[in-house]
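Below: the structure, in structure tokens.
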Amino acid sequence: MLKRMTRLVSRARQLDPGRFLHGEPQAPQSLAAHLDNQVPDERPRATSCTSEDDPVRTFNEACLMVRKPALELLRYLKNTNFAHPAVRYVLYGETGTGKTLSLCHVIHFCAKQDWLILHIPDAHLWVKNCRGLLPSAHNKLRFDQPVEASSWLKDFQTANERFLSQIKVQEKYVWNKRESTEKGRPLGEVVEQGLTRVKNATDAVGIVLKELKRQSGSGAFRLLVAVDGVNALWGRTTLRREDKSLVAPEELALVHGLRKMVRNDWHGGAIVLTLSQTGSLFKPRKAYLPQELLGKEGFDALDPFIPILVSNYSPEEFESCVQYYLENSWLQHEKAQTEEGKKELLFLSNANPGQLERLCAYL
Amino acid sequence: MAAPCVSCGAAASYRLFLGGRVSLARRRGVWKAAAAELQTGAGFQILRLRHTTGVTTKKNVAALRRETYTVDFIKKQIEEFNIGKRHLANMMGEDPETFTQEDIDRAVAYLFPSGLFEKQARPIMKHPEQIFPKQRAIQWGEDGRPFHFLFYTGKQSYYSLMHEAYGKLLEAEKHQNQLQAKGLFSEKTKTKDLIGSRWLIKEELEEMLVEKLSDQDYAQFIRLLERLLTLYGGAEEEFVQRFRRSVTIQSKKQLIEPVQYDEQGMAFSTSEGKRKSAKAEAVVYEHGSGKIKVNGIDYLLYFPVTQDREQLMFPFCFLDRLGEHDVTCTVSGGGRSSQAGAIRLAVARALCSFVTKEEVEWMRQAGLLTADPRVRERKKPGQEGARRKFTWKKR
């Protein structure tokens, strides 16, 4: 689901804010996010079509439901004081309540407001199932992850193309004997280098993070750091070295860089984080509180933060979700339109958005 | 005979022939044999005493296909049984005069405790009538001439019963015609007699007549009796009632829990449920918002599988009371599916107290109030599992 969200969100980046493209079923461009409490909109379908695993193709549109946690966060963001250090907001809640989508909502808002978005769709993907761990050239003790770093760089490029030419690098970086990036070159060149030379991708990511952190205070742009599944950064990994010994998270260069990014020692932006049990390693299924998922180390690193609880649907939200399905003729059972049918759905899903979506999903 | 006549089932089976009579001996205690009534009826000669001389001629020997118990033998057994009963009462310190069959059963279970699972394999002491199968005495006299006029039909008791019933039918018709001619005929419904009772089943009838019947014979007989019932005739009622057995009404057996009230005055009801090896206890509150907590955990987290939640939903959905009750339950043992089934049963039983009698009956018919009797079947030696045999190898 998170991969789909990446594509959804990266497509949102292609939109110039304030512009809508109509009539193209290929590119879903009618993102309508009303920042208004009275108009609860719909949510993106993570249900898949037969042909492609794209939620947007099913309904030819991408819609989000506006819910209280996201609105609260947007209010805080609107009133941020950019002279102060970046505030950390942590979205937490039980599985399937809508933390990731609230994050997407916030990202969309910030994109419309022309912030620079630094979005890691799932930090858990960086600590498990990685092939090709290379020892880092920059620091012998750490490990590079070329595949993950390059795919992230590609998404970052599509998301923030505008800024990549504006921001200039403030230091000279030497890649190898023949290649180097001079001071004053646009950041896009660093990204290009990381994409072409996959071996340097992790270092490129590290450089991007460092530069953005340094320059966000200057006021040229506002930076939003959005990480989904931030509890992966302080958990355990399933990656092993050649001698079969476990790799700790801080020995991964990507994780190390991200941890530095998430510290609130810079200003000129905001940090929005999400906890996630679904992809986490070695955490019990029923854990959802920050203390449980982050552990002592993570909690101390993130402290102080503003916790925002995301809970199950309220009765009105549930009703609106079911109405959306019915309007799009997604629920084909004749009983779904009746009151008893809705009550059954409510009982079976207990107003949990994830469960409801799975109940109504295509077989 | 001083020793009490205790016959173990195993010993009896040794004496009893294996040609199917064994089953009759078992069921004798279950079905109430109407043999005694029929013996006094006219025209039936099931156990008629025949004094045979010392020389047994060929004609007097009954068919040697099965073992026969002579009347003397049965009588002796009955005497032994009675004496043994008195001895047993003496042993238990009870009054021999008022020693009933239940007391005998209790005494035998106390004196001979058995750990066998099969109830019919345990020691029993019952009246010989119930143990020895009913047998027909020799049906013909010394001269070889049969007693009954219908002997050569092969099923003399059945055909004489049919003959009698048909005779009664003709009489009733004649009576009815007379009344109609006189104009005194009035319709009378007899349906009230039929409720709560059922016809004898074929096996019961066979036992009553001590004869084998075919399905068609039985059906014909029942049709005749029903035709008799439709006619006007009060005298035939006792005749027909002999062939009806009462049926207990299932719905009256359902136990309804009383409603209790807790400190805040909220009405609630508790009950238990079991499935396989899971036991659950549910507390259902009358007014609520549809929240369910299992062992303190929300039911969505406790049962991540949709199937289990559907099981929990079933009682409420059936009664159209979704979202009207709160449930708190504890469950232990079993697996996830049996825990869900146990909670479902407990919730359904608890809901009985808040619901009308008709709805309780509907729930019973839907199977919500019946405990699922299926348990894990044991593994047998020589097989890999309960049913699965080892792979068959030709050589």
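Letters go in sequence order (proteins before strands), and every chain restarts at 1. These numbers come from a predicted model, not from an experiment. Values below: all heavy atoms of this structure, side chains included; hydrogens, waters and symmetry mates excluded.
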Other residues, nucleotides, ligands: >12 heavy atoms within 6.0 Å of Lys389(B) NZ: yes

Above 12 or not: heavy atoms from other molecules or residues under 6.0 Å from CZ of Phe390(B)? yes

Atom group of Phe303(B) that falls short of 4.5 Å from chain A, counting heavy atoms: neither

Could you pull out the closest heavy-atom pair between Leu322(B) and Lys343(A), with the gap in Å? O-CD, 3.7 Å

Spatial distance of atom CZ (Phe347(A)) from atom CG (Leu312(B)) [nearest 0.5 Å]: 5.5 Å

Give a yes or no on whether Lys276(B) atom NZ has more than 12 heavy-atom contacts from other residues, nucleotides or ligands under 6.0 Å away. no

Proximal component of Lys286(A), with respect to chain B [non-hydrogen, under 4.5 Å]: side chain

Cut-off 4.5 Å, heavy atoms of chain B, and the answer for Arg285(A) is side chain

Has Arg388(B) got more than 12 heavy atoms of other residues, nucleotides or ligands less than 6.0 Å from its CZ? yes

Is it the case that more than 12 heavy atoms not belonging to Arg374(B) sit under 6.0 Å from its CZ atom? no

Would you mind checking which part of Glu344(A) comes under 4.5 Å of any heavy atom in chain B, side chain (CB onward), backbone (N, CA, C, O), both or neither? both

So how far is it from Asp298(B) CG to Asn312(A) CG, rounded to the nearest 0.5 Å? 8.0 Å

Could you tell me which non-hydrogen atom of Thr306(B) sits nearest to which non-hydrogen atom of Leu348(A), and how far apart they are? O-CD2, 4.4 Å

Flag if over 12 foreign heavy atoms under 6.0 Å of NZ, Lys357(B): no

